[in-house]
Asker: 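Take this structure, written in structure tokens, and hold onto it; I'll ask about it next.
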Amino acid sequence: MKPNAFLKAIRAGQQQIGLWVGLANNYTTDLVAGAGFDWLVIDMEHGPGDMLTTVSQLQAAAGHAGTPLVRPPWNDAVMVKRLMDIGAPGIVFPMIQSVEEAENAVAATRYPPNGIRGTAGSVRGSNFARDTDYYEKVEDETAIIIQLETQEALAQATDIAAVDGVDGIFFGPADIAADMGLLGHPMHDDVWAQIMPVAKALMGQGMPVGTLVTDPVFATKLLGEGFTFVACGTDTGLLTKATNDLVAQMQQATSKDIA
């Protein structure tokens, strides 16, 4: 079975730069993966993707060095089973609120007796049964990332992180902000005043922590503070900004010419 480069890196404390992928398209996934990010998140929670678009994105990313993780719409064992079968190298579980929910997330990725994942013979995850060591290695080569997105979750962070099988804790500043009454302000100082002490405590326990911010300067600051894996943008955001800037540039230039 192919080793999980992202998982190996965060276990060794090597910092990883990522990108959020929400366009649900294999062609654009191929494009952004080729830029050289260490990891990508294929987002099924807030993107329009389904199982077929996701498997095509995993196939597109496979030709590049960055490790593609998948975020399902919910902590749903049936969905996770299917994502494991199509070969997701890691799962980012959204909105985990308790130790029990974290345990359920891990169990969904594990075969009995360690979990509840159903078995299938010829699936993409096992290279269609060509990887004869798949059953022995898949649990140790699948990244399990738990998202904390509320103040309640932050309060339980150390216990959640202690769940066997959790490889990393991911902070969701946008939802934490919403939970604090600061909807639409994920970069507010009060939001990060909640996140940073929890992040530092987890770092002290040796747990890799990560997040998504769309400000590269702040992303760099977080890496300097000890975050292990930070996504510094989204494909939708980058395309939106680039097209807005281009139109504004052309409109300004045209107006000047007319004047």
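In this text the structure is predicted, and so the values were computed from the model without any measurement.
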Asker: Run the side chain to side chain contact (heavy atoms under 4.5 Å, CB included) test against Thr28 and tell me which residues pass, sequence neighbours left out.
Answerer: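 In terms of side chain to side chain contact (heavy atoms under 4.5 Å, CB included), with neighbours along the sequence ignored, Thr28 is linked to Leu23, Asn25.
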
Asker: Report the residues that fulfil salt bridge (Lys or Arg N to Asp or Glu O under 4.0 Å) with Glu225, sequence neighbours left out, ordered by chain and then residue number.
Answerer: Lys200, Lys221

Asker: According to ring-ring contact (aromatic ring centres under 6.0 Å, His included), does anything in residues 193-227 pair up with another residue at least two apart or in another chain? List the pairs.
Answerer: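 Residue pairs with at least one partner in residues 193-227: Trp192-Phe218.
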
Asker: Where the side chain of Asn75 meets the backbone of Glu101, is there a donor-acceptor pair that is under 3.5 Å apart?
Answerer: yes

Asker: Can you name the salt bridge (Lys or Arg N to Asp or Glu O under 4.0 Å) partners of Arg82, sequence neighbours left out?
Answerer: none

Asker: Do any N or O atoms from the side chain of Gln156 and from the backbone of Gln97 form a donor-acceptor pair under 3.5 angstrom?
Answerer: yes

Asker: Could you work out, with salt bridge (Lys or Arg N to Asp or Glu O under 4.0 Å) as the rule, every residue matching Asp189, not counting sequence neighbours?
Answerer: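 Asp189: no salt bridge (Lys or Arg N to Asp or Glu O under 4.0 Å) contacts found.
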
Asker: Is there a donor in the side chain of Thr29 and an acceptor in the side chain of Asn26, or the other way round, less than 3.5 Å apart?
Answerer: no

Asker: For Ile144, is there any backbone N or O sitting under 3.5 Å from a side-chain donor or acceptor partner on Asp167?
Answerer: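 Judged by distance alone, yes, a pair lies under 3.5 Å.
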
Asker: Which heavy atom of Ala88 sits nearest a heavy atom of Val70, and at what distance?
Answerer: CB-CG2, 3.8 Å

Asker: Taking only distance into account, with no hydrogens and no angle test, what donor-acceptor pairs under 3.5 Å do side-chain atoms of residues 204-213 form with protein atoms, sequence neighbours excluded?
Answerer:
unit_1 : atom_1 : unit_2 : atom_2 : d
Thr211 : OG1    : Phe171 : O      : 2.7

Asker: Sort and list the pairs that fulfil ring-ring contact (aromatic ring centres under 6.0 Å, His included) and have at least one residue in residues 98-126, not counting sequence neighbours.
Answerer: Tyr111-Tyr135

Asker: List in chain and number order the residues that pass side chain to side chain contact (heavy atoms under 4.5 Å, CB included) with Arg124, two or more places apart in sequence or in another chain; answer none if no residue qualifies.
Answerer: Val55, Leu58, Gln59, Ala62, Phe128

Asker: Would you say the side-chain atoms of Asp50 pair up with the backbone N or O of Thr53, donor to acceptor, closer than 3.5 Å?
Answerer: yes

Asker: If every non-hydrogen atom of Pro72 is compared with every non-hydrogen atom of Val92, which pair is closest and at what distance?
Answerer: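 In terms of heavy atoms, the two residues are closest at CD-O, 3.2 Å.
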
Asker: How would you list, by chain and number, every residue that makes a side chain to side chain contact (heavy atoms under 4.5 Å, CB included) with Val99, sequence neighbours excluded?
Answerer: Glu103, Asp159, Ile160, Val163

Asker: Do Val230 and Ile17 have side chains that get closer than 4.5 Å, going by heavy atoms?
Answerer: no

Asker: Using side-chain heavy atoms (C-beta onward) and a distance below 4.5 Å, is Leu69 in contact with Leu40?
Answerer: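 In short, these two side chains do not touch, never coming nearer than 4.5 Å.
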
Asker: Report yes if the side chains of Asn4 and Thr67 come closer than 4.5 Å at any heavy-atom pair, otherwise no.
Answerer: yes

Asker: Can you confirm whether Arg117 sits close enough to Thr109 that some side-chain heavy atom of one is under 4.5 Å from a side-chain heavy atom of the other?
Answerer: no

Asker: Any sub-3.5 Å donor-acceptor pair from Asp235's side-chain atoms to Gly22's backbone N or O?
Answerer: yes

Asker: What's in the same ILVMFWY side-chain cluster as Ile116, cut-off under 4.5 Å, chained through other members?
Answerer: none

Asker: Considering residues at least two apart in sequence or located in another chain, which fulfil the salt bridge (Lys or Arg N to Asp or Glu O under 4.0 Å) criterion with Lys241?
Answerer: Asp245

Asker: Strictly below 4.0 Å, N to O, side chains only: are Lys137 and Asp131 in salt-bridge contact?
Answerer: no

Asker: Measuring only between side-chain heavy atoms, which start at C-beta, is Pro173 closer than 4.5 Å to Ile176?
Answerer: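 A side-chain contact under 4.5 Å is absent here.
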
Asker: Using a distance-only test with no angle check, is there a side-chain donor-acceptor pair under 3.5 angstrom linking Asp30 and His64?
Answerer: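 Yes, His64 and Asp30 have a side-chain donor paired with an acceptor closer than 3.5 Å.
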
Asker: Are any of the side-chain heavy atoms of Glu149 and Asp179 separated by less than 4.5 Å?
Answerer: no

Asker: Ile96 and Ala153: which non-hydrogen atoms are nearest, and at how many Å?
Answerer: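 That would be O-CB, 3.4 Å.
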
Asker: Decide yes or no for Thr54 and Leu83: does some side-chain heavy atom of the first lie under 4.5 Å from some side-chain heavy atom of the second?
Answerer: yes

Asker: Which atom names give the shortest non-hydrogen contact between Val191 and Pro186, and what distance separates them?
Answerer: CG1-O, 3.7 Å

Asker: Sequence neighbours left out, what passes ring-ring contact (aromatic ring centres under 6.0 Å, His included) with Trp39? Give chain and number order.
Answerer: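 By the ring-ring contact (aromatic ring centres under 6.0 Å, His included) rule, Trp39 matches Phe6, Phe229.
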
